[in-house]
There are 2 protein chains.
Amino acid sequence: MNSSVIVRAPLHVQVAERLRLLIDSGELAPGTRLNEIDLCNTMGVSRTPLREAIRSLATEGLIELQPNRGAIVSIVSQEDVTEILPIMASLEGLGGRLAAMHMDQSKIAQVRKIHNQMISHYKNNEVAEYFETNRLIHELITEGSGNQTLVDTINSLSAKVRRARFTAQMTKESWAKAVSEHEEMIAALEAQDPDRLEAILVQHVETKRATILGAIEQNP
Amino acid sequence: MNSSVIVRAPLHVQVAERLRLLIDSGELAPGTRLNEIDLCNTMGVSRTPLREAIRSLATEGLIELQPNRGAIVSIVSQEDVTEILPIMASLEGLGGRLAAMHMDQSKIAQVRKIHNQMISHYKNNEVAEYFETNRLIHELITEGSGNQTLVDTINSLSAKVRRARFTAQMTKESWAKAVSEHEEMIAALEAQDPDRLEAILVQHVETKRATILGAIEQNP
DNA sequence: AGTTTTTATTTTGCATACAAAATACGATAT
DNA sequence: ATATCGTATTTTGTATGCAAAATAAAAACT
């Protein structure tokens, strides 16, 4: 008996993953029309699994179906972002509250470690590395909630905001503010203070919202 | 030129809707295996659109794919419900907060009207009608937030909890408590007090959580 | 009899083929 | 030259066919 059977994922799942990656990386920009035959050729699969993958990503919201006219990479509007961020604030706040209650010392220490890395990236002005460690910290805290549905829900919303790519527009001031909020986050987490961590995370997303909307104003 | 073109929905969308209905109504019970050929016959379509629909519902979480072995109606576990309800509490709270800020008097009056209907259903012990009006009130408040993404997110989570069908297990006490919380909700809404409405809604979902978990205890 | 092995049947996964709609193109008319 | 109509081509939507995997059934063996 073998309980760890290796089952290679179905084609439509693999295709969905590849498409998600292409969309997330911006290689398939928002608004791009998805030509089935072209994609089939580049991916080396037939139309059936490709179409199944497209349907999946459509229900995920990454792709928009246009009946009889195929599908396009969905466009994340300013309104979408404005709608999503308050939801993210609530959910990240909840995640932080639960994480402060449930995370053990070793995991908290791990977050602290990455936080320190992030700070040094900030000081060295290493933007890409900063964003990556930043993302990782939020991910670890959310996962620390122990609520997988919460993690999934946040990820799905977060993916859309990320795709809008306003992050690069961060000013010196907003960056400094974000970093100082992160200091407070870690302190609240180490103190295992749910109320405080929740409040800081809600505030943190609010800062993010202000940053993003500020950036949008300048690029109309 | 005609801007209101009638485009009949693609088959896979129609099929997905019918499947969703069958699952939601319990006609397709959790755990039921979905035989493609059988479903094709009953629905009068070929396997291609059916499979596309199944993939969609799978990413929605209503269906679980089992590679090389088809799909089953996904089973909502007690853990799932335990995870979902705190999220619903946060989101409904946010919805209420926004609704208290944005809803106009006529819409608030509409909620009051349905609330009064709900109360009379409660007094007459009309359970089904009570639940329907109850659901409608929550829907109206959430929609009153003006945040469509929030509405969608809540609906998606709510659908899973509803499918678990623990609602029938409500005791006299928990029912009374829910009703009194609803009185407070309406008062807060009419006073257009965001903080209060948010707090009540969070509390309300907490009551629901206690009711459901109490019911689960008795039916192991 | 019970268990394993082999064979047959069903069911899913993927590819292809055909039909319908949409788009692109060109000819004709004004 | 532009606009409109009609035809050709492309692209999507749906159905079907074939291969592989899984399940069920039958046979062989202990």
Side-chain angles (χ1 to χ4, degrees), chain A residues 1-20 22-23 28-75, chain B residues 1-20 22-23 28-75:
Chain A
M1 172 121 4
N2 185 355
S3 61
S4 63
V5 195
I6 308 279
V7 279
R8 106 183 178 302
L11 262 190
H12 73 266
V13 175
Q14 295 182 47
V15 171
E17 276 167 17
R18 287 184 62 181
L19 274 177
R20 210 194 317 275
L22 287 173
I23 291 172
L28 285 175
T32 308
R33 171 154 258 119
L34 301 177
N35 185 306
E36 294 183 359
I37 296 167
D38 290 353
L39 282 171
C40 285
N41 292 338
T42 57
M43 295 207 173
V45 299
S46 82
R47 284 177 59 213
T48 306
L50 174 74
R51 283 173 61 88
E52 290 178 355
I54 288 177
R55 296 319 182 244
S56 286
L57 297 186
T59 63
E60 252 176 67
L62 254 66
I63 281 176
E64 189 183 319
L65 298 182
Q66 305 184 328
N68 289 318
R69 300 176 55 195
I72 63 169
V73 178
S74 66
I75 296 161
Chain B
M1 171 100 31
N2 184 358
S3 61
S4 63
V5 195
I6 308 281
V7 278
R8 101 182 178 303
L11 263 189
H12 73 266
V13 174
Q14 295 182 46
V15 171
E17 275 167 18
R18 287 184 64 180
L19 275 177
R20 210 193 319 275
L22 288 173
I23 292 172
L28 286 176
T32 307
R33 174 155 254 116
L34 300 178
N35 184 304
E36 294 183 358
I37 297 167
D38 289 354
L39 282 172
C40 285
N41 292 339
T42 57
M43 296 207 172
V45 299
S46 83
R47 283 176 60 214
T48 308
L50 175 75
R51 283 171 62 88
E52 290 179 356
I54 287 176
R55 297 315 183 247
S56 286
L57 297 186
T59 63
E60 250 176 71
L62 255 65
I63 281 176
E64 189 182 319
L65 297 182
Q66 304 184 329
N68 290 318
R69 298 175 55 196
I72 63 169
V73 178
S74 68
I75 295 163

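In what follows, chains are A, B, ... by sequence order, proteins preceding strands, each numbered from 1. Hydrogens, waters and symmetry mates are skipped; everything else that's a heavy atom, side chains included, is used.
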* Side-chain contact test, heavy atoms from C-beta onward, threshold under 4.5 Å: evaluate it for B:Ile72 versus B:Thr32 and give yes or no. => no
* Asked: If you measure only the distance, is there a donor-acceptor pair under 3.5 Å linking the side chains of B:Thr59 and A:Thr59?
  -> yes
* Side chain B:Glu36, main chain B:Arg51, donor-acceptor under 3.5 Å -> no
* Structure fact -> Each nucleotide of nucleotides 11-21 of chain C classed B (base within 4.0 Å of a protein heavy atom), S (only sugar-phosphate) or -, in 5' to 3' order, makes SBBSBBB---S
* Rounded to the nearest Å, what distance is computed from the CG atom of residue B:Leu50 to the C1' atom of nucleotide D:dT16? -> 15 Å
* To do: Send over the distance from A:Asn41 CG to D:dT10 P, rounded to a whole Å.
  => 14 Å
* To do: Measure the CD-CG distance between A:Glu64 and A:Leu57 for me, rounded to the nearest 0.5 Å.
  => 13.5 Å
* Structure fact -> Here the distance between atom C1' of D:dT12 and atom CG of A:Leu39, to the nearest Å, is 13 Å
* To do: Taking side chain to side chain donor-acceptor pair (under 3.5 Å) as the test, write out the residues that go with A:Thr48, two or more places apart.
  => none
